[in-house]
Amino acid sequence: MLVYPSSIDLSSRTLRFLTGRLTARRQEIGTRWRRLSASRQSLLALAHLRCGDTYAQLAAGFGIGIATAYRYIREAVEVLAALAPTLAEAMRTMRTKAFVILDGTLLPIDRIAADTPYYSGKHKRHGMNVQILTDPFGRLLWASPALPGSTHDLTAARTHGIIDALAEAGVKCWADKAYQAAGRPVRVPFRGRRLKRWMRRHNTIHAKIRCLGEQAMAPLKGWRLLRKLRCSTNRITDVVKAVLILHHHASA
C-alpha cells in the first residue's frame, strides 16, 4: 500500500490534550512498552475521528497492524468518552443559561435494508438518533446516547429523561415541531396551515432562535467519521462523547 503525508485540521493543543490523557491512562494501567508513543497514538485517534480514515489506511500510515490500530483508537475513544458530562452534570450548567435549545440529529450508519430498527422514515436512510442540547449562542452543552434511527425525537428525549430533567431544573427550552406534547418546559411552534397572524409571527421568532441549535450541529458533522459510521452500533455513543469532548477542548 502506498503511503503519503497528510494533515488534520486540528491544533497542536488538541493533540497535547489527548496525549496527556493517554499518558495518564498508561501510567494507571502500568504500561511498559508499546509500538506507538502516547503522542503518536493520539495522532492516530485524531486522524480516525476527524478525517474518517479506516483502520487499514491508518495501520499502513503508522506502520502497525490493523488490530493494533483498532485497539489504540478504541482506547483513546473510551478515555475521552469517560470525560463527557452526564445529563445531571450538564443540567447544572444549563441552570445558568437563559434557555437551551433541544434538537435531534441522525448520524448515518452502514447498514442493510433488513436492519429495520435503524431505518429513519423521516430521513429515508439508516442511522442513529442523537439528541443535542445547546445554549442560546449555539454552543454544544450535551449529547445523548445514540438510539436506533427509527426512534422518534420526542420518544428519544423522554427515554433519556431530558424532558423531566428540564422541568425539574426549571430550564426553558426551545425545540421544533417533533417535540409537540413534550410538556411545559419545551416550547414548540404552532402547527397548521391556516394560522393567525400572531401565530405566524411567533413561529418566525421561534425559528430564528431554534436555528442556532441546528447551526451547532455543523461543527459536530465536521468530524468526518460521524458522516458515515461503519463501527458497531454499540460503540457509537462513546464515539459521539469523544468527539464532543474534543470539540469542547478545541473551541475553548
Requested in this report: Please lay out, stage by stage, how L133 and L87 fare under the test side-chain contact (heavy atoms from CB on, under 4.5 Å).
Outcome: CA-CA 10 Å; L133 284 167; L87 180 58; 4.2 Å; yes
Would you confirm whether [X], through its side chain, and [Y], through its main-chain N or O, come within 3.5 Å as a donor-acceptor pair?
X    : Y    : answer
R187 : C173 : no
H48  : D53  : yes
H206 : D176 : no
H152 : L154 : yes
E78  : A242 : no
N203 : F190 : yes
T237 : A146 : yes
Y72  : R35  : yes

State yes or no: do [X] and [Y] share one hydrophobic cluster built from I, L, V, M, F, W and Y residues joined by side-chain heavy-atom distances below 4.5 Å, directly or via other members?
X    : Y    : answer
M91  : W142 : yes
L49  : L58  : yes
F62  : L46  : yes
V188 : W174 : no
V243 : L141 : no

Would you say that more than 12 heavy atoms from the other residues, nucleotides or ligands in this model lie under 6.0 Å from the [atom1] of [X], or not?
X    : atom1 : value
R197 : CZ    : no
K172 : NZ    : no
R21  : CZ    : no
E168 : CD    : no

Side-chain heavy atoms of [X] within contact of [Y], under 4.5 Å:
X    : Y    : answer
F99  : M94  : no
V239 : L226 : yes
L244 : H248 : yes
I162 : V186 : no
P185 : V171 : no

Nearest heavy-atom pair of [X] and [Y]: which atoms, and what distance?
X    : Y    : answer
N129 : L106 : N-CD1, 4.3 Å
P117 : S150 : O-OG, 2.6 Å
Y119 : K124 : OH-CA, 3.3 Å
A90  : P85  : N-CB, 4.4 Å
R95  : A169 : NE-CB, 3.6 Å
A181 : R158 : O-NH2, 2.8 Å

Query raised in the report: What's the verdict on side-chain contact (heavy atoms from CB on, under 4.5 Å) for E75 and Q41, showing C-alpha distance, side-chain angles and the deciding distance?
Result: CA-CA 10 Å; E75 180 183 41; Q41 182 183 357; 2.7 Å; yes
If you measure from [atom1] on [X] to [atom2] on [Y], what distance do you get to the nearest 0.5 Å?
X    : Y    : atom1 : atom2 : result
I8   : L43  : CD1   : CG    : 4.5 Å
T233 : M128 : OG1   : CE    : 5.0 Å
S11  : H249 : OG    : NE2   : 7.0 Å
D153 : K122 : CG    : NZ    : 5.5 Å
R74  : S232 : CZ    : OG    : 8.0 Å
T155 : Q131 : OG1   : CD    : 9.5 Å

**Report entry** Stepwise side-chain contact (heavy atoms from CB on, under 4.5 Å) test for I245 and F17
**Finding:** CA-CA 10 Å; I245 292 298; F17 166 73; 3.9 Å; yes
Query raised in the report: Any chance the side chains of R200 and T204 put a donor and an acceptor closer than 3.5 Å?
Result: no
Requested in this report: Would you check, one step at a time, whether the test side-chain contact (heavy atoms from CB on, under 4.5 Å) holds for L246 with W223?
Outcome: CA-CA 10 Å; L246 291 173; W223 297 79; 3.6 Å; yes
